[in-house]
Amino acid sequence: MHTPAIARLALGAALTIAVGAAPPPPDWPGFRGPGMDGLAIGARLPENWSKTTNVKWAIDVPGRGWSSPIVAGNTVFVTSAISSRPFKQPTPGIYGNDFIAEMRAQGLSSAEVNKRLRARDNEVPEESDEIRYMVYAFDATTGKLRWEREAHKGLPFGGRHRKNTYASETPFTDGERVYVSFGLNIGIFAYSMDGDLVWKRTWPPQPIYLDFGTGTSPVVHDGRVYLLQDSEKECHLTALDAKTGADVWRVARPDKGWQRTSAWSTPFIWKNSQRTEIVTTGHGFIMSYGLDGTELWRLGKTFMPLMSPLAVGDVLYAGTGAQEGDAARPFFAIKAGATGDITLAPDTTSNAFVLWSHPRASGYTPSALVHQGRVYLVHDTGIMVVVAADTGREIYKARVGGIGHTFSASPIATGDRIYFSDEEGVTIVVAAGDEYREIAQNDLGEMTLASPAVSGNALFLRTEQKLYRIQQ
């Protein structure tokens, strides 16, 4: 065999080794899974469970955090915040305007109303001790701790709503590193799969609206980490090199005329037939960018930016909600290829790029789910609107689980079943279809605001103190 042939064989062997060494795609790499849409179609998940039935393991997670679990290989990752001083405790449900109305009826000044409201609902830095911002890696088969790391320790730079935590951002993994954000006021940390710190980035602290705290999670695509950094002072979309953490680009997000500019929505990577886009939701607008940071299109007249977008092929589904009522809950289906300002004209529901819209359908905190041609939109109050994905026609409304259930977690779907985890630890299993048909209610008896994760036929649920592997 002559030398060039040997060289070709050696090169082929090297390529085979290199390809073989590449990690497999993570089962549930970040917020809402591999498609960022809550879908785990091939999984065979149980319909019934309890604290003991169909539970492979349940482990305590120290501290408090509403980051959702992610899964890569045989490892489950979550984050948490630990303090020697007890955190101000959350309660389920909407923190509505009734308390404000009561105080105003008493003749209290606006300053006094705001003071009492903050005292009830917020934990300000002066009430906090040092926070340990933690990363945990658990064995997915046994639940045993693989490793833990303290990413940062110090007093918080801003407050939080008591229904939020100092560790609400869901990590992301590309199978090579785990990218952990604790919000723009702490920073982002990249770890190897074995827990070695590879790089970290921090930025000057920024004020968040009413000291509600942060919540937008990182997204990784094609060697870049994307971060939405909207505050009351500065607003940016940032792209970092995934290997080094160095800036690829950082673009300012101009004020769109809203009094508030903070956002808690996670960016969405939309790969359609025409291009790949980074879709973001801010106060008053939904905006899309190209991979070079150039603005592609924007859509105005939106409201509180909590829920995250998703897509099915060449149609993007996005919206914003409101805390109470139906007046400010617009939801949109947007065609691929949009350019410029695609805001709807008054008294219209569609245009050249907006396929359809519904003025009163969006949830507030939970993101939408698109499954089998239907869009499922559940509000924090438990009212769900189901519309046709192609036309926006309303199919039915229902109260998920009946009276008394409230929601923050985003739903997931597998096969012909949809899973809604409520704020008190009850997961309601519903049949996909044109009418509401409840299959089961499964109670873990502890507050749950984190969205579920799926790996194989296992469901991972995080409650206030525990992480569960649910499987038949």
Completion exercise
Residue pairs meeting ring pair (Phe, Tyr, Trp, His ring centres under 6.0 Å), one or both in residues 107-134, sequence neighbours left out, come to Tyr133-His152, Tyr133-Phe182
Exercise for the section: Indicate yes or no for a side-chain donor-acceptor contact from Ser408 to the backbone of Leu449 under 3.5 Å, with no hydrogens or angles considered. Expected result: no
Exercise for the section: Enter the distance from His405:NE2 to Ser421:OG here, rounded to the nearest 0.5 Å. Expected result: 12.0 Å
Practice task
Show the numbers, then the answer: is there a side-chain contact (heavy atoms from CB on, under 4.5 Å) between Ile269 and Ile278?
Solution key: CA-CA 5 Å; Ile269 305 299; Ile278 310 157; 4.0 Å; yes
Practice task
Check the pair Thr141 / Asn74 against side chain to side chain donor-acceptor pair (under 3.5 Å), numbers first and verdict last.
Solution key: CA-CA 7 Å; Thr141 301; Asn74 198 39; 2.8 Å; yes
Exercise for the section: Output yes when Glu446 and Lys466 qualify as a salt bridge under the 4.0 Å nitrogen-oxygen rule, no when they do not. Expected result: no
Problem - side chain to side chain donor-acceptor pair (under 3.5 Å) assessment of Asn442 paired with Thr427 - result: CA-CA 5 Å; Asn442 307 292; Thr427 299; 5.9 Å; no
Handout entry: Spatial distance of atom CD1 (Ile412) from atom OG (Ser451) [nearest 0.5 Å]
Key = 9.0 Å
Exercise for the section: Measure the shortest side-chain to side-chain distance between Thr216 and Thr214 over non-hydrogen atoms and say whether it is less than 4.5 angstrom. Expected result: no
Problem - Lys335, NZ: over 12 other non-hydrogen atoms inside 6.0 angstrom - result: yes
Exercise for the section: Run the salt-bridge test on Glu423 and Lys163 with the 4.0 Å N-O cut-off and return the result as yes or no. Expected result: yes
Practice task
Find the distance between CZ (Phe172) and OG1 (Thr266) and round it off to the nearest 0.5 Å.
Solution key: 10.5 Å
Practice task
Using modelled atom types only, decide if a donor and an acceptor are shared between the side chain of Thr302 and the backbone of Phe285 within a distance under 3.5 Å.
Solution key: yes
Exercise for the section: Using a 4.5 Å cut-off on heavy atoms from C-beta on, say whether the side chain of Lys397 contacts that of Met384. Expected result: no
Practice task
Please check if the side chain of Tyr317 supplies one atom and the backbone of Ala389 the other of a donor-acceptor pair under 3.5 Å.
Solution key: yes
Handout entry: Partners passing ring pair (Phe, Tyr, Trp, His ring centres under 6.0 Å) against Phe212 (at least two apart in sequence or in another chain)
Key = His161, Tyr209
Practice task
Might you work through the side-chain contact (heavy atoms from CB on, under 4.5 Å) test for Phe303 and Arg329, ending with a clear yes or no?
Solution key: CA-CA 7 Å; Phe303 295 90; Arg329 296 169 54 191; over 6 Å; no
Problem - Closest non-hydrogen atom pair between Gly319 and Thr281, with its separation - result: O-CG2, 4.4 Å
Fill in the blank from the handout: To the nearest 0.5 Å, atom CG of Asn122 lies from atom CG of Leu117 at 7.0 Å
Fill in the blank from the handout: From the list Val71, Ile70, Asp27, side-chain contact (heavy atoms from CB on, under 4.5 Å) partner of Val76 resolves to Val71
Handout entry: Distance-only side-chain donor-acceptor flag, Arg32 / Ser68, under 3.5 Å
Key = no
Practice task
Identify the two heavy atoms, one from Ile94 and one from Tyr364, that lie closest to each other, and give their separation to 0.1 Å.
Solution key: CD1-CD2, 4.3 Å
Practice task
Please determine if Lys88 and Glu127 form a salt bridge, counting it only when a charged side-chain N lies under 4.0 Å from a carboxylate O.
Solution key: yes
Handout entry: Short N-O contact, Asp211 and Arg118, less than 4.0 angstrom
Key = yes
Practice task
Please check if the side chain of Asp230 supplies one atom and the backbone of Cys235 the other of a donor-acceptor pair under 3.5 Å.
Solution key: no
Handout entry: Test item: Trp66 side-chain N/O and Thr170 main-chain N/O as donor-acceptor pair under 3.5 Å
Key = no
Fill in the blank from the handout: Taking every heavy atom of Ser308 against every heavy atom of Phe31, the minimum-distance pair comes out as OG-CE2, 3.9 Å
Practice task
Scan side-chain atoms only and decide if Glu277 and Trp297 contain a donor-acceptor pair under the 3.5 Å cut-off.
Solution key: yes
Handout entry: Side-chain (Thr75) to main-chain (Phe138) donor-acceptor, under 3.5 angstrom
Key = no
Problem - Lys243 side chain near Arg177 side chain, heavy-atom distance below 4.5 Å - result: yes
Exercise for the section: Evaluate the side-chain proximity of Val55 to Arg469: yes if any heavy-atom separation is below 4.5 Å, no if none is. Expected result: no
Fill in the blank from the handout: The side-chain contact (heavy atoms from CB on, under 4.5 Å) partners of Ala43 (sequence neighbours excluded) come to Ala40, Leu45, Thr414, Val454, Asn457
Fill in the blank from the handout: When every non-hydrogen atom of Ser83 is compared with those of Phe87, the smallest separation belongs to CB-CZ, 3.6 Å
Exercise for the section: Answer yes if the side chains of Glu169 and Ser181 hold a donor-acceptor pair under 3.5 Å, and no otherwise. Expected result: no
Practice task
Check the pair Met447 / Glu424 against side-chain contact (heavy atoms from CB on, under 4.5 Å), numbers first and verdict last.
Solution key: CA-CA 4 Å; Met447 194 169 186; Glu424 296 188 79; over 6 Å; no
Problem - Non-hydrogen side-chain atoms of Trp249 and Arg224 separated by less than 4.5 Å - result: yes
Completion exercise
To the nearest 0.5 Å, atom CG of Leu467 lies from atom CZ of Phe460 at 7.5 Å
Handout entry: Closest non-hydrogen atom pair, Arg120 against Tyr95
Key = NH2-CB, 4.1 Å
Exercise for the section: Please check if any side-chain donor atom of Asp380 sits under 3.5 Å from a side-chain acceptor atom of Thr365, or the reverse. Expected result: yes
Practice task
Ignoring hydrogens and angles, state whether a donor on the side chain of Tyr289 or Arg253 is under 3.5 Å from an acceptor on the partner side chain.
Solution key: yes
Handout entry: Asp194 versus Ser192, side-chain donor and acceptor atoms under 3.5 Å
Key = no
Handout entry: Thr276 side chain reached by Trp270 side chain, heavy atoms, under 4.5 Å
Key = no
Problem - Salt bridge Arg162-Asp121, side-chain N to carboxylate O under 4.0 Å - result: yes
Problem - Arg298 vs Asp341, salt bridge (Lys or Arg N to Asp or Glu O under 4.0 Å): CA-CA, chis, key distance, verdict - result: CA-CA 5 Å; Arg298 70 180 74 171; Asp341 191 337; 5.5 Å; no
Handout entry: Minimum side-chain heavy-atom gap Trp199-Leu240 below 4.5 Å
Key = yes
Handout entry: Heavy-atom side-chain proximity of Val370 to Leu310 below 4.5 angstrom
Key = yes
Handout entry: Arg462 to Tyr468, cation-pi by 6.0 Å centre distance and 45° axis angle
Key = no
Practice task
Taking Arg201 for its side chain and Gly245 for its backbone only, find out whether a donor-acceptor pair lies under 3.5 Å.
Solution key: yes
Exercise for the section: Quick one: sort the Trp264 and His283 rings into parallel, tilted or perpendicular, breaks at 30° and 60°. Expected result: perpendicular
Handout entry: Under 3.5 Å: donor-acceptor pair, side chain of Asn272, backbone of Val315
Key = no
Problem - Whether Ser67 side chain and Thr79 backbone form a donor-acceptor pair below 3.5 Å - result: yes
Handout entry: Glu232 side chain vs Thr261 backbone, donor-acceptor pair below 3.5 Å
Key = yes
Practice task
Report the distance from atom CE of Met36 to atom NE2 of His221, rounding to the nearest 0.5 Å.
Solution key: 11.0 Å
Problem - Candidate pair Arg250 and Thr238, rule side chain to side chain donor-acceptor pair (under 3.5 Å), full reasoning - result: CA-CA 4 Å; Arg250 192 170 191 236; Thr238 300; 3.1 Å; yes
Exercise for the section: Taking all heavy atoms of Pro156 and all of Pro125, pick out the closest pair and write down the distance. Expected result: O-CB, 3.8 Å
